[in-house]
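First comes the structure, then the notes that go with it.
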Number of protein chains: 2
Amino acid sequence: MKRNSRLSSTLHILVHMADAPDRALTSEQLAGFIHTNPVVVRRTIAGLRDAGIVTSSRGHGGGWQLGRAPDKISLAEISAALGETLLPFSTEPESPGCLVEQAVIAVLDDFRLEAERLLAERLGHITLADLTADFRRRYDLIGVSSHAV
Amino acid sequence: MKRNSRLSSTLHILVHMADAPDRALTSEQLAGFIHTNPVVVRRTIAGLRDAGIVTSSRGHGGGWQLGRAPDKISLAEISAALGETLLPFSTEPESPGCLVEQAVIAVLDDFRLEAERLLAERLGHITLADLTADFRRRYDLIGVSSHAV
DNA sequence: TCGATTCGTAACTAACTAAGTTACATGAAA
DNA sequence: TTTCATGTAACTTAGTTAGTTACGAATCGA
């Protein structure tokens with residue numbers, strides 16, 4: 001798994017889970033999808049379990065499943081559950097008492113607040129079901145074209 | 001200079017430059033403002049020079065000045081000149097040929113495109129002059145209060 | 001012209017972050 | 001009770017970025 005691809009990789013995993021709603025998938029299998037290590041998967045999606053987006057079970061036949069219907073899981077929730085920050089710039093004071101820095105931080109924090117609201121709103125409208133539908137569309141297209149040849 | 005504070009630090013520097021429009025400030029002086037090294041400053045704002053946001057001159061009395069009026073310099077330009085990415089998540093394919101990944105990347109890239117457009121639009125409306133005005137306001141307030149005591 | 005000053009940049013070091021890995025305890029099902 | 005799977009801590013490795021040193025190039029003043 002590459003750096004900064006936690007959101008993308010997690011969505012990949014979740015679509016696979018949505019595509020196999022009848023059975024639990026193990027960390028091992030999920031890791032295979034994104035070419036990484038089972039422990040990395042467990043660590044990455046631990047937050048999703050706490051958020052109720054997925055459930056996990058141990059022992060024989062255990063593994064991971066979606067916690068609710070794909071159309072009830074938005075990308076905003078997933079991103080938040082991963083602890084990802086959409087806007088990466090820091091506004092930590094480094095020169096306490098400097099009025100210039102205070103002005104910069106104030107303006108930047110205002111912008112960040114507004115931006116995060118906007119992005120969350122947009123991400124809230126995209127659900128896992130949308131992703132799954134997009135995948136099925138692609139799958140059917142390939143199927144047709146290979147039949148045609 | 002902390003990690004991920006390049007935008008914030010650069011704005012800090014630029015406001016100081018806007019506040020001293022009559023003279024060039026050296027990398028050494030600028031570095032002092034954000035508690036870092038002159039070379040780090042030169043490296044960081046090199047892109048701003050290429051974008052015409054600042055100018056630099058060598059030798060005696062040399063240093064850095066704004067390339068144009070503060071109200072003609074937007075945060076969007078500054079951010080772009082720094083090479084900063086507002087949305088940090090990666091959508092590089094890691095499993096070429098996987099239709100699930102393709103669907104994820106397609107949706108994520110759509111979102112990114114729209115989000116970057118939105119953020120750039122917002123940042124385009126904030127200028128260095130706004131920051132400078134905010135700083136002056138804070139400065140005057142302190143002045144008044146210290147007189148009052 | 002010479003020397004002081006300042007930027008431009010390459011090369012290296014250090015610190016930090018995040019993924020990858022190993023190991024083992026816990027819990028559940030056959 | 002054996003096997004399979006997660007939960008998690010601890011450590012290693014790789015990659016990124018700030019910090020530093022060094023030195024060449026350009027510019028100004030004496």
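In what follows, chains carry the letters A, B, and so on, assigned in the order in which the sequence lines appear, proteins first and then strands, with residues in each chain numbered from 1.
Defined by atom type and a distance below 3.5 Å, a donor-acceptor pair is present between the side-chain atoms of B:W64 and B:S27. Looking at A:S5 and B:E94, their side chains do bring a donor and an acceptor atom within 3.5 Å of each other. No side-chain N or O of B:H125 forms a donor-acceptor pair with one of B:S74 less than 3.5 Å apart. If you check the side chains of A:T127 and A:D71, you find no donor sitting under 3.5 Å from an acceptor.
When distances run from any side-chain atom of B:R42 to the nucleotides D:dG7, C:dG8, D:dT8, the shortest one goes to C:dG8. Between C:dA19, D:dA18, C:dG20, one nucleotide has an atom nearer to the side chain of A:T36 than all others, and that is C:dG20. Comparing C:dG8, C:dG20, D:dG19 against the side chain of B:S56 picks out C:dG8 as the nearest. In this structure, of D:dA25, D:dA18, C:dA23, it is D:dA18 that holds the atom nearest to the side chain of B:V40. For A:H60, the side-chain atoms get nearest to C:dA29 when compared with the rest of D:dA22, C:dG27, C:dA29. For B:R49, taking side-chain heavy atoms from C-beta onward, the closest of the listed nucleotides C:dT21, C:dA23, C:dC7 is C:dC7.
By the 6.0 Å and 45° rule, A:R112 stacks over the aromatic ring of A:F89.
Along DNA chain D, the nucleotide nearest to B:T44 and the one nearest to B:V39 differ in position, and the one closer to the 5' end is contacted by B:T44. Residue-to-nucleotide proximity on DNA chain D shows that, of A:A46 and B:S5, the 5′-proximal contact is made by A:A46. The nearest heavy atom of DNA chain C to A:G61 and to A:K2 marks one nucleotide each, and the one closer to the 5' end goes with A:K2.
Here A:T26 does not reach the OP1 or OP2 of D:dA5: none of its side-chain N or O atoms lies under 4.0 Å away. Under 4.0 angstrom from either OP1 or OP2 of D:dA26 there lies no side-chain N or O belonging to B:S57. Between A:S27 and D:dT6 there is a side-chain N or O to OP1 or OP2 distance below 4.0 Å.
Rounded to an integer number of Å, the gap from A:N37 CG to D:dT12 C1' is 13 Å. The interatomic distance linking A:L30 (CG) with D:dC4 (P) rounds to 18 Å, in whole Å. Following rounding to the nearest Å, B:W64 (CH2) and C:dT5 (C1') show an atom-to-atom distance of 15 Å. Atom CE in B:M1 sits about 14 Å away from atom C1' in C:dC16, given to the nearest Å. Atoms CD (A:E84) and P (C:dT17) sit 16 Å apart, rounded to a whole Å. Atoms CZ (B:R58) and C1' (C:dG3) sit 17 Å apart, rounded to a whole Å. Put simply, CG on A:N4 is 14 Å from P on D:dG15, counting in whole angstrom units. For the pair A:R6 CZ and C:dT17 C1', the computed distance is 11 Å after rounding to whole Å.
Here B:R43 lies in heavy-atom contact (under 4.0 Å) with a base.
Residues B:R68 and B:E77 are paired through a salt bridge, judged by an N-O separation under 4.0 Å between the basic side chain and the carboxylate.
Counting distance only, with no hydrogens placed and no angle test, the side-chain atoms of B:R3 and the base atoms of D:dT17 include no donor-acceptor pair under 3.5 Å.
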